[in-house]
Amino acid sequence: MSQDVTSITTAPALASLAGLFADETRAACLLALLDGRAWTAGELARHAGVAPSTASEHLGKLVAGGLLAEERQGRHRYVRLADAGIAQLVEDLAAHAAPGAPARPRTLRQSSAGAAMARGRTCYDHLAGRLAITVTGAMTERGLLRQDTGFALTDDGLAWFGELGIELVRAGRRPLARGCLDWTERKPHLAGVAGAALCRHALDAGWCARIGSQRAVKVTPAGARAFAAHLGVTDL
């Protein structure tokens, strides 16, 4: 029986890609970079709790493997996730890897940080957590978004974005709307071009604000009023 040529050529590449994730330090760096920002090697080393030289070695492998993009400004070296597709892959893997019952936090600080991330956070360039699930549900109930045959904005949804002055710029092969499995809520939230545009607007308009240096975000008083006015959401 002859082997399928595609399987022969794809298997080594798949094994190589999986190997890049198969290290706790590299996984910690990839998860941190889901905030969509560029980090220095030193910042990621502190985040992962390893020596700068160790972090640099791991980041070099991730850059060589195409998971990260590298930028240099003067003496500083910055890295970020290569693109939205890589971010989706990291988030999807995190959703599948997360246990059904989250581990008990060991400190009050860990407990507070975990609760904040669960309430609301960014997932690369779109909103995630209970905030995103609530917003996605409200958009669906109001007929702005369909989830029955995959995620898709309706005509009313396109008009809604236009009324808010949120431009939906489609570039490349990225879908206008797609579902992203939320690893804390275990439900899909809005991603894609529309999800990114809504997140950007929420941050720029002051509807949401980042908490500390991590991915957690909170809804501001102005945001609470805006979400109530535009989506009828009052439990954020």
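Computed over heavy atoms, backbone and side chain alike; hydrogens, waters and symmetry mates excluded. Nothing fancy with the numbering, it's 1 onward along the sequence.
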When you measure from the side chain of Trp160 to the backbone N and O of His230, does any donor-acceptor pair fall under 3.5 Å?
yes
Under the side-chain contact (heavy atoms from CB on, under 4.5 Å) rule, collect the residues that match up with Asp235, sequence neighbours excluded.
Thr134, Val233
Can you name the side-chain contact (heavy atoms from CB on, under 4.5 Å) partners of Ala152, sequence neighbours left out?
none
Qualifying salt bridge (charged side-chain N to carboxylate O under 4.0 Å, His left out) pairs with a residue from residues 187-198, counting only residues at least two apart or across chains:
none
May I ask you to check whether Trp207 and Phe227 place their ring centers less than 6.0 Å from one another?
yes
What salt bridge (charged side-chain N to carboxylate O under 4.0 Å, His left out) pairs are there with at least one residue in residues 142-152, not counting sequence neighbours?
Arg146-Asp148
My understanding is that only residues two or more places apart in sequence, or in another chain, count here; which of them pass side-chain contact (heavy atoms from CB on, under 4.5 Å) with Ala229?
none
Between Asp125 and Arg174, is the closest basic N to carboxylate O distance under 4.0 Å?
yes
From His126 NE2 over to Leu198 CG, what is the distance, rounded to the nearest 0.5 angstrom?
11.0 Å
Quick one: salt bridge (charged side-chain N to carboxylate O under 4.0 Å, His left out) pairs with a partner in residues 48-70, sequence neighbours left out?
Glu70-Arg72, Glu70-Arg77
How long is the straight-line distance from CG of Asp182 back to CG of Leu190, given to the nearest 0.5 Å?
12.0 Å
With side chains defined as the heavy atoms from C-beta onward, is the minimum distance between Cys208 and Lys218 less than 4.5 Å?
no
